[in-house]
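Right, one structure below, let's go through it.
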Amino acid sequence: MAAEIPLHSVKDVLTGRSVAPGDQVQVRGWVRTRRDSKAGLSFVQVHDGSCFDALQVVAPGELENYASTVQSLTAGCSVICEGQVAASEGKGQSVELQADRIVAVGMVEDPDTYPVPAKRHTFEYLREQAHLRVRTNTFSAIARVRHCLAQAVHRYYHEQGFYWVHTPIVTASDCEGAGEMFRVSTLDVANLPRDEAGEIDFSKDFFGRESFLTVSGQLNVESYCLALSKVYTFGPTFRAENSNTSRHLAEFWMIEPEIAFADLHDDADLAEDFLKYIFRALLEELPDDMEFFRARIDKTCVERLEAFVESSFERMEYSEAVSLLEQAVEKGTKFEFPVSWGVDLQSEHERWLTEHHVGRPIVVMNYPKDIKAFYMRLNDDERTVAAMDVLAPGIGEIIGGAQREERLDVLDRRIDEMDLDRDAYWWYRDLRKYGTVPHAGFGLGFERTIAYATGMGNVRDVIPFPRTPRSAAF
RNA sequence: UCCCCUGUAGCUCAAUUGGUAGAGCGAGCGGCUGUUAACCGCUAGGUUCCUGGUUCGAGUCCAGGCGGGGGAGCCA
């Protein structure tokens with residue numbers, strides 16, 4: 001693999017950014033298809049992940065390994081190609097590579113059983129081939145979108161003066177209260193230590209107490225917020241809920257900003273500005289990939305995002321949402337579940353609001369206190385808390401957030417009302433004793449965001465190796 | 001966890017009232033062509049998810065299990 005010939009990505013060659021027709025270049029990648037022409041040449045589509053399109057490599061019959069190797073190339077083979085960049089004689093691409101050397105680095109040992117040949121596959125099948133599905137158009141595009149959005153998240157917060165805080169993955173307290181948790185233990189499950197009462201003795205466990213994988217970085221990040229003012233987390237989150245839906249994963253990534261000296265309206269403003277920023281970045285940076293999603297996955301995804309970044313979120317009080325739904329019922333809309341003030345909105349209600357009533361994302365604010373978490377700030381009406389959900393068409397709840405209860409006496413009252421243990425929250429309560437301030441934040445599900453942006457219908461297809469109940473292959 | 005649907009060739013699916021397995025795509029070979037969802041021909045490819053039951057006979061009917069999908073709940 002001598003290096004006299006400069007290596008370039010497929011993207012370099014196709015965009016002409018650092019390569020011009022006539023240049024000698026080397027390109028490395030994987031074969032998507034090969035088409036032979038008995039005029040004595042073959043066309044090999046080579047992709048390397050650098051962009052959506054593959055590079056057409058023209059292999060003349062004069063290559064010394066033409067018959068022995070080039071004509072045996074099939075989908076999935078890895079190759080190194082050297083040659084001259086040239087304007088294409090055919091339709092479908094502006095430039096191509098006129099190869100004078102093609103090295104097969106790794107052949108596909110049995111093309112008949114290669115799991116992802118160049119043909120249509122269902123997403124369900126490709127989930128079982130998660131190690132190879134990224135070689136397809138769809139999944140390589142998803143990988144690039146995921147990267148683009150992740151980079152945009154960090155760039156946005158960095159530019160806005162936020163600090164990225166690495167909250168712990170392992171949590172040794174059970175006070176997070178956001179759902180079922182995965183236990184982390186080094187105890188021998190076949191021989192558990194017991195105390196005198198016969199209970200499992202977790203003091204013998206690795207951390208000297210029960211420990212779990214985090215279900216949210218929020219409580220921890222609040223402590224950093226009350227010193228650094230603007231912070232966020234972006235990392236993996238784990239929920240052991242037995243949820244079997246297209247929008248739940250047992251392991252997913254969540255972005256949780258937290259801002260000090262801020263109320264619920266500041267929180268909603270941040271959510272809106274933030275989402276617009278990352279979607280604008282996606283539209284600008286990956287037009288080819290987004291065009292693919294528009295053409296093959298969801299015809300409306302691009303116009304939806306374009307409208308999203310130009311319009312403002314609909315904002316609505318919970319009470320207003322309930323009366324709208326009640327009016328809809330009076331006018332004949334059928335819901336499976338009844339609506340009345342005090343009950344949580346069902347999926348069908350959220351869908352009606354965001355898809356049917358306003359047709360774009362909507363922020364619902366100030367929910368009844370009895371259906372929300374203890375740390376959400378009690379409003380002056382004493383019956384609602386400063387909570388918000390951002391609902392998106394097709395996905396449902398994409399953001400859940402709140403202004404936090406900063407008053408220790410009210411927080412303690414709420415902890416007691418919900419039958420929780422004040423001592424377990426001692427350090428969280430400390431934050432209210434020592435220089436407390438109004439503050440707020442939210443959690444954005446990263447996979448739901450990607451699904452919304454691309455029109456992909458299942459979050460299992462926008463994370464490389466999905467973990468769901470009864471499924472942790474790969 | 002609950003409700004509904006589903007499991008046949010590498011993949012996507014057919015198979016009449018229960019009667020002994022078929023197509024397209026993919027793959028291999030050949031033909032044709034600066035090709036590009038290529039096209040034409042030929043060939044290979046099956047423990048019909050598993051276990052048990054009914055029957056002369058089960059891909060088909062019944063029971064249980066396992067896997068997959070959609071919806072609900074929980075939530076992001």
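Each chain gets a letter, A, B and so on, in the order its sequence line appears, and its residues count up from 1.
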If you go through the side-chain atoms of A:Asp36, does one of them form a donor-acceptor pair with the base of B:U35 closer than 3.5 Å? no

When the aromatic ring centroids of A:Tyr232 and A:Phe442 are compared, is their separation below 6.0 Å? no

Classify the side chain of A:His121 and the base of B:C11 as holding, or not holding, a donor-acceptor pair under 3.5 Å. no

When the P atoms of B:G52 and B:G26 are compared, how many Å lie between them, rounded to an integer? 39 Å

Look at A:Ser246 and B:G71 and indicate whether a side-chain polar atom (N or O) is within less than 4.0 Å of OP1 or OP2. yes

State the CG-OG1 distance between A:Leu249 and A:Thr468, to the nearest 0.5 angstrom. 7.5 Å

Tell me, please, which residues at least two apart from A:Glu314 pass salt bridge (Lys or Arg N to Asp or Glu O under 4.0 Å). A:Arg360

Residue-phosphate contact under 4.0 Å: A:Arg247 side-chain N/O, B:A72 OP1/OP2: yes

Which nucleotide, B:G69, B:U12, B:C75, lies nearest any side-chain atom of A:Arg239? B:C75

Residues touching RNA chain B, which here means a heavy atom under 4.0 Å, drawn from residues 49-58 of chain A: A:Gln56, A:Val58

Where protein sits on nucleotides 22-31 of chain B, one letter per nucleotide: B base, S sugar-phosphate only, - none, heavy atoms under 4.0 Å: ---BBSS---

Consider the side chain of A:Glu96, meaning its heavy atoms from C-beta on, and name the nucleotide among B:G34, B:C74, B:U12 that approaches it most closely. B:G34

Check each residue of residues 341-355 of chain A for a non-hydrogen atom within less than 4.0 Å of any atom in RNA chain B, then write out the ones that pass by number, or none. A:Gln346, A:Ser347, A:Arg351

Between P of B:C2 and CG of A:Asn242, the distance in whole Å: 9 Å

Taking only the side-chain nitrogens and oxygens of A:Arg127, find out if one of them lies under 4.0 Å from OP1 or OP2 of B:G69. yes

RNA chain B: stems of at least 3 consecutive Watson-Crick or G-U pairs whose donor-acceptor distances fall under 3.5 Å: B:1-7 with B:66-72, B:10-13 with B:22-25, B:27-31 with B:39-43, B:49-53 with B:61-65

Taking only residues two or more places apart in sequence, or in another chain, which ones meet A:Arg351 in a salt bridge (Lys or Arg N to Asp or Glu O under 4.0 Å)? none

Kindly point out which of B:G34, B:A72, B:G68 is positioned nearest to the side chain of A:Glu124? B:G68

Does the side chain of A:Glu222 pick up a donor-acceptor pair with the side chain of A:Tyr375 at under 3.5 Å? no

Distance test, side-chain N/O of A:Asn458 to OP1/OP2 of B:G70, below 4.0 Å: yes

A:Glu256 and A:Thr233 side chains, donor-acceptor separation under 3.5 Å: yes

Roughly how many Å apart are B:G59 and B:C13, using the C1' atom of each and rounding to a whole number? 14 Å

When rounded to the nearest Å, what value does the distance between P atoms of B:U16 and B:A21 take? 13 Å

Is a donor-acceptor pair below 3.5 Å formed from side chain A:Gln93 to base B:U35, judging by atom type as modelled? yes

Does a side-chain N or O of A:Ser243 approach OP1 or OP2 of B:C74 to a distance below 4.0 Å, or not? no

